[in-house]
Amino acid sequence: METFYVTTPIYYVTAKPHIGHAYTTIIADILARWNRLLGKDVFFLTGTDEHGTKIEKAAKEAGKTPKEFVDEVANTYIETWKALNISFDKFIRTTDKEHEKAVSEFITRIWDNKDIYKGIYEGWYCVPDETFITEMELNDGKCPECGRDVQKVKEDAYFFALSRYKDDLLRIFEEDQDFIKPPSRLKEIVNRLKGDIKDLDITRKSVTWGIPFELDKEQTVYVWFDALLNYISALGWPNGGKFIEFWPADVHMVGKEITWFHAVIWPAMLLAAGIDLPKTIVSHGWWTVEGKKMSKSIGNVVDTVELARKYSADALRYFLIKEKPIWEDGDFSESGLVSRINGELLADLGNLVARTLTLAEKFKGKIEGEEEIADNLDMSRIKELFEVYDVNGALNEIWTFVRSVNKYINDTEPWRLGGARLGAVLNNALEALRIISILLYPFLPETSESMQNQLGVKLGSINECKFVTFDGKVKRGKNLFEKIEVKQ
RNA sequence: AGCGGGGUGGAGCAGCCAGGAGUGCUCGUCGGGCUCAUAACCCGAAGGUCAGAAGUUCAAAUCUUCUCCCCGCUACCA
């Protein structure tokens with residue numbers, strides 16, 4: 001059976017998930033659900049990144065041990081994903097035993113291949129913040145976080161020979177223009193890669209909250225090196241059956257700020273170990289909130305679970321996907337969310353279902369007839385958009401069809417009709433709704449199910465998105481969406 | 001600074017790569033139609049010197065050059 005392996009980044013557990021995390025994860029969920037509808041064997045991975053000084057520090061501030069702390073935060077991620085109906089197949093944590101074992105195995109392999117060597121790490125350290133700072137991050141020679149003086153540190157460390165893979169990577173990017181999406185990001189990465197590439201230090205002596213470095217137990221593995229390996233450790237690499245079945249990944253969904261890690265460092269690591277590269281890295285844009293960058297200091301971090309509870313997971317999913325092209329940045333606002341609920345989910349879709357079902361329930365004749373609106377639905381376009389991971393484009397296309405069905409009902413005026421003609425119009429409208437319920441399943445799983453209940457049909461596959469004779473038993477249920485009253 | 005993206009009616013976008021009357025979409029405003037539907041849906045109208053300048057061309061939002069402005073990335077924030 002054809003497989004599909006999609007991943008989100010593993011999220012760093014210093015804080016609860018916000019809409020940015022939700023966005024990445026929702027896109028991945030939509031891809032997973034769509035590919036299941038296509039009949040593929042899907043593996044959808046998400047999880048948490050739990051090592052490093054920042055977590056150690058956050059734990060201390062919370063008065064907890066690192067382990068207690070990461071358990072707690074990892075749980076809020078799992079709870080959030082449940083609240084948003086994220087259909088992940090596995091939730092990996094970098095503190096999982098299997099993961100730690102895989103990391104050690106990986107390091108041993110590339111050591112044997114001479115891609116790791118011992119050297120001296122030189123950098124800056126902020127004592128009160130307990131964080132390492134790179135030359136680039138320095139702000140006027142001071143700590144970028146707290147503005148205090150930093151201290152030069154020198155310690156033994158192990159390095160990964162990233163620079164050795166520069167030419168290989170450039171050749172790969174040249175040959176496979178789709179390796180990084182969108183093209184503008186590919187350009188950024190290529191230009192940067194053409195510059196001066198330094199080897200990466202991948203261990204720290206003074207960090208204790210990390211995976212012990214296999215070759216020198218005084219050191220721990222640098223968080224990023226550890227974290228990236230989750231994509232294969234989750235499949236049981238090196239010998240797991242899932243690894244054989246699902247690797248290479250079809251798509252790593254990532255936020256634009258971590259493109260470099262996924263497009264350069266991660267492939268270099270895989271090349272070093274002789275493992276196939278993932279097929280595509282999709283790098284999406286960011287959300288601002290009410291026009292401002294999301295940050296804890298501004299205090300505009302949006303609580304996802306609260307929003308989902310207030311409006312519904314489907315409404316939030318819909319907004320995030322419909323609001324902006326995935327490559328671009330966009331702005332989140334609660335008023336924007338409400339406007340899409342009232343103006344689109346309710347006015348276009350909810351209303352369409354309500355008016356059609358009312359007409360169908362009253363009709364006593366036979367619902368059958370020629371298709372009249374199949375041309376309004378461009379299935380091949382929708383499939384193409386999914387193939388390039390443009391879920392925003394696909395949803396727009398589906399929505400165009402939803403609107404066209406409302407127009408069809410207006411044009412045919414079924415409330416004036418009767419007999420065979422009414423049967424034919426209803427057949428078109430009901431079939432359209434059945435098809436829409438399938439197409440919306442990846443985006444709005446609860447709404448899709450509710451539509452199928454009211455139509456008296458079962459969720460079909462993508463192959464069933466074509467007009468035939470409607471054979472459901474309609475029963476109008478409660479409204480799909482309720483109007484959100486806006487206080488003036 | 002380097003690299004990348006963007007500046008299109010009141011708002012948000014498409015259109016640009018392969019030039020052909022300012023074309024399109026969503027929201028907002030105004031007017032109308034309809035009454036099956038959650039005051040919903042459908043139709044129509046107003047509104048733009050396509051950031052600015054120069055150039056190429058019979059023809060430029062679209063190609064070239066320059067200028068201005070906004071945003072992002074630059075080694076661990078989705």
Side-chain angles (χ1 to χ4, degrees), chain A residues 8-12 14-15 17-28 49 51-54 131-132 134-137 162 182-192 194-195 197-198 200-201 222-228 253-261 264-265 283-288 293-296 301 322-325 327-331 336 339-340 342-363 393 396 399-400 403 405-417 422 425-426 429 476 478-483:
Chain A
T8 72
I10 48 175
Y11 304 112
Y12 205 54
T14 46
H18 58 235
I19 55 164
H21 301 103
Y23 182 61
T24 316
T25 310
I26 288 166
I27 295 174
D49 181 7
H51 289 123
T53 43
K54 282 181 186 162
T131 44
F132 285 93
T134 61
E135 192 75 39
M136 303 277 299
E137 286 174 323
L162 177 64
S184 57
R185 287 266 128 64
L186 174 70
K187 271 187 222 163
E188 268 183 24
I189 294 291
V190 167
N191 284 330
R192 189 169 153 197
K194 281 179 179 163
I197 299 304
K198 286 190 218 125
L200 274 183
D201 51 301
Y222 177 59
V223 272
W224 257 101
F225 201 80
D226 154 9
L228 285 166
M253 187 59 59
V254 302
K256 64 182 182 179
E257 79 292 347
I258 52 173
T259 311
W260 177 257
F261 289 90
V264 174
I265 298 174
S283 167
H284 68 243
W286 264 26
W287 287 96
T288 53
K293 189 164 171 172
M294 232 186 308
S295 86
K296 271 180 270 179
V301 175
K322 190 87 182 332
E323 179 68 8
K324 71 180 189 70
W327 326 113
E328 309 289 332
D329 290 351
D331 188 54
S339 136
R340 289 211 185 263
N342 287 342
E344 297 178 22
L345 288 173
L346 185 149
D348 294 333
L349 181 64
N351 185 55
L352 176 61
V353 169
R355 69 198 302 208
T356 306
L357 290 191
T358 300
L359 288 163
E361 272 191 333
K362 275 193 252 169
F363 182 60
N396 281 329
W399 219 257
T400 301
R403 289 175 195 274
V405 182
N406 262 327
K407 179 162 161 47
Y408 171 75
I409 291 180
N410 259 68
D411 292 346
T412 53
E413 303 185 310
W415 53 90
R416 291 178 197 274
L417 302 173
L422 178 54
V425 169
L426 285 173
R476 191 176 164 180
K478 70 179 174 64
N479 292 334
L480 294 182
F481 298 93
E482 292 301 331
K483 184 149 192 151

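Here the structure is a predicted model, which means the values were calculated and not measured.
- Nucleic acid contact for A:Val254: sugar-phosphate only, since backbone atoms but no base atoms lie under 4.0 Å from a heavy atom of the residue.
- When the C1' atom is compared between B:rG15 and B:rU23, the two are found 8 Å apart, to the nearest whole Å.
- Only the C1' atoms considered, B:rG31 is 22 Å distant from B:rG24, to the nearest whole Å.
- Between A:Arg403 and B:rC43, a side-chain N or O to OP1/OP2 separation shorter than 4.0 Å is absent.
- Using a 4.5 Å heavy-atom threshold, the side chains of A:Ile189 and A:Val264 count as touching.
- Among the heavy atoms of the strands lying under 4.0 Å from A:Tyr11 are primed sugar atoms or P, OP1, OP2 only; no base atom is included.
- Using a 4.0 Å heavy-atom criterion, one finds that A:Asn191 contacts the sugar-phosphate atoms exclusively.
- The CG atom of A:Leu186 sits 17 Å away from the C1' atom of B:rU74 (whole-angstrom rounding).
- Nearest nucleotide to the side chain of A:Lys187, out of B:rU38, B:rG5, B:rA75: B:rG5.
- Nearest heavy-atom pair, A:Thr8 versus A:Tyr11, reported as atom, atom and distance to 0.1 Å: CB-OH, 3.4 Å.
- Within the nucleic acid shown, A:Lys256 comes within 4.0 Å of sugar-phosphate atoms alone, with no base atom in reach, counting heavy atoms only.
- For the atom pair CD1 (A:Ile19) and CH2 (A:Trp287), the distance works out to 6.5 Å, reported to the nearest 0.5 Å.
- Rounded to whole Å, the P atom of B:rC68 lies 32 Å from the corresponding atom of B:rC58.
- Residues A:Glu413 and A:Phe261 both approach RNA chain B. Their nearest nucleotides, taken by heavy-atom distance, put A:Glu413 toward the 5′ side.
- Rounded to whole Å, the distance from CD on A:Glu328 to P on B:rU26 is 20 Å.
- Only the C1' atoms considered, B:rG6 is 14 Å distant from B:rA14, to the nearest whole Å.
- Shown here for A:Ile27 and A:His284, the closest heavy-atom pair between the two residues is CD1-ND1, 4.2 Å.
- As judged by a 4.0 angstrom heavy-atom cut-off over every strand, A:Asn351 is placed among the base-contacting residues.
- Look at the P atom in both B:rC16 and B:rG7: the space between them is 13 Å, to the nearest Å.
- The gap from the C1' atom of B:rA46 to that of B:rG22 amounts to 16 Å, rounded to the nearest Å.
- Between the C1' atom of B:rC25 and the NZ atom of A:Lys322 lies a distance of 10 Å, rounded to the nearest Å.
- A:Gly343 and A:Asp348 get closest at one heavy-atom pair: O-OD2, 3.7 Å.
- Classification of the A:Phe261-A:Trp224 ring pair by plane angle, with boundaries at 30° and 60°, yields parallel.
- Atom CG of A:Leu345 and atom C1' of B:rU26 are 14 Å apart (whole Å).
- Regarding A:Leu349, its CG atom lies at a distance of 12 Å from the P atom of B:rC41, rounded to whole Å.
- Closest to the A:Arg185 side chain, of the nucleotides B:rG72, B:rC42, B:rA78, is B:rG72.
- Closest approach to the A:Asn410 side chain among B:rC42, B:rU74, B:rC77 is made by B:rC42 (side chain taken as heavy atoms from C-beta onward).
- Taking A:Trp399 as the reference, A:Tyr318 meet the ring-ring contact (aromatic ring centres under 6.0 Å, His included) condition, with sequence neighbours excluded.
- Contacts of A:Ile189 with the nucleic acid, taken as non-hydrogen atoms under 4.0 Å apart, are absent.
- The minimum heavy-atom distance linking A:Val223 with A:His51 is given by the pair CG1-O, 2.8 Å.
- Stems are defined here as 3 or more consecutive Watson-Crick or G-U wobble pairs with pairing distances under 3.5 Å; those involving RNA chain B are B:1-7 with B:68-74, B:10-14 with B:23-27, B:29-33 with B:41-45, B:51-55 with B:63-67.
- The side chain of A:Glu188 sits closest to B:rC73 out of B:rC73, B:rA78, B:rC77.
- Under the 6.0 Å distance and 45° angle rule, A:Lys362 does not count as a cation-pi partner of A:Trp415.
- Which of B:rC77, B:rC42, B:rU38 sits closest to the side chain of A:Asn406 comes down to B:rC42.
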Verify side chain to side chain contact (heavy atoms under 4.5 Å, CB included) between A:Arg185 and A:Trp327, making sure each step is shown before the conclusion.
CA-CA 9 Å; A:Arg185 287 266 128 64; A:Trp327 326 113; 5.8 Å; no
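- Taking the side chain of A:Glu257 as heavy atoms from C-beta on, and the options B:rA75, B:rG5, B:rC77, the nearest nucleotide is B:rC77.
- You'll find that the side chain of A:Arg192 is closest to B:rU74, out of B:rC36, B:rU26, B:rU74.
- Residue contacts shown for A:Asp49 are absent, as no nucleic acid heavy atom lies under 4.0 Å away.
- For A:Arg416 and B:rU35, the shortest distance from a side-chain N or O to OP1 or OP2 is below 4.0 Å.
- Comparing the P positions of B:rU8 and B:rC70 gives a spacing of 15 Å, expressed to the nearest Å.
- Here B:rA11 presents its P atom at 16 Å from CD of A:Glu323, a figure rounded to the nearest Å.
- Here the nucleotide nearest the side chain of A:Lys362, chosen from B:rC42, B:rU38, B:rC36, is B:rC36.
- Between A:Gly255 and A:Arg355, it is A:Arg355 whose nearest contact on RNA chain B lies nearer the 5' terminus.
- A sub-4.0 Å separation between OP1 or OP2 of B:rC3 and a side-chain N or O of A:Lys194 is absent.
- For A:Asp329 and B:rC70, the CG to C1' distance is 12 Å, given to the nearest whole Å.
- When the C1' atom is used for both B:rG55 and B:rC43, the distance is 45 Å, rounded to whole Å.
- In terms of heavy atoms, A:Thr358 sits closest to A:Arg476 at OG1-NH1, 2.8 Å.
- A stacked arrangement is not assigned to A:Tyr23 and the six-membered base ring of B:rA78, the conditions of a centre distance below 5.5 Å and an interplanar angle below 30° not being jointly met.
- Rounded to an integer number of Å, the gap from A:Lys407 NZ to B:rC36 P is 19 Å.
- Among B:rU38, B:rC41, B:rA78, the nucleotide with an atom closest to any side-chain atom of A:Asp348 is B:rC41.
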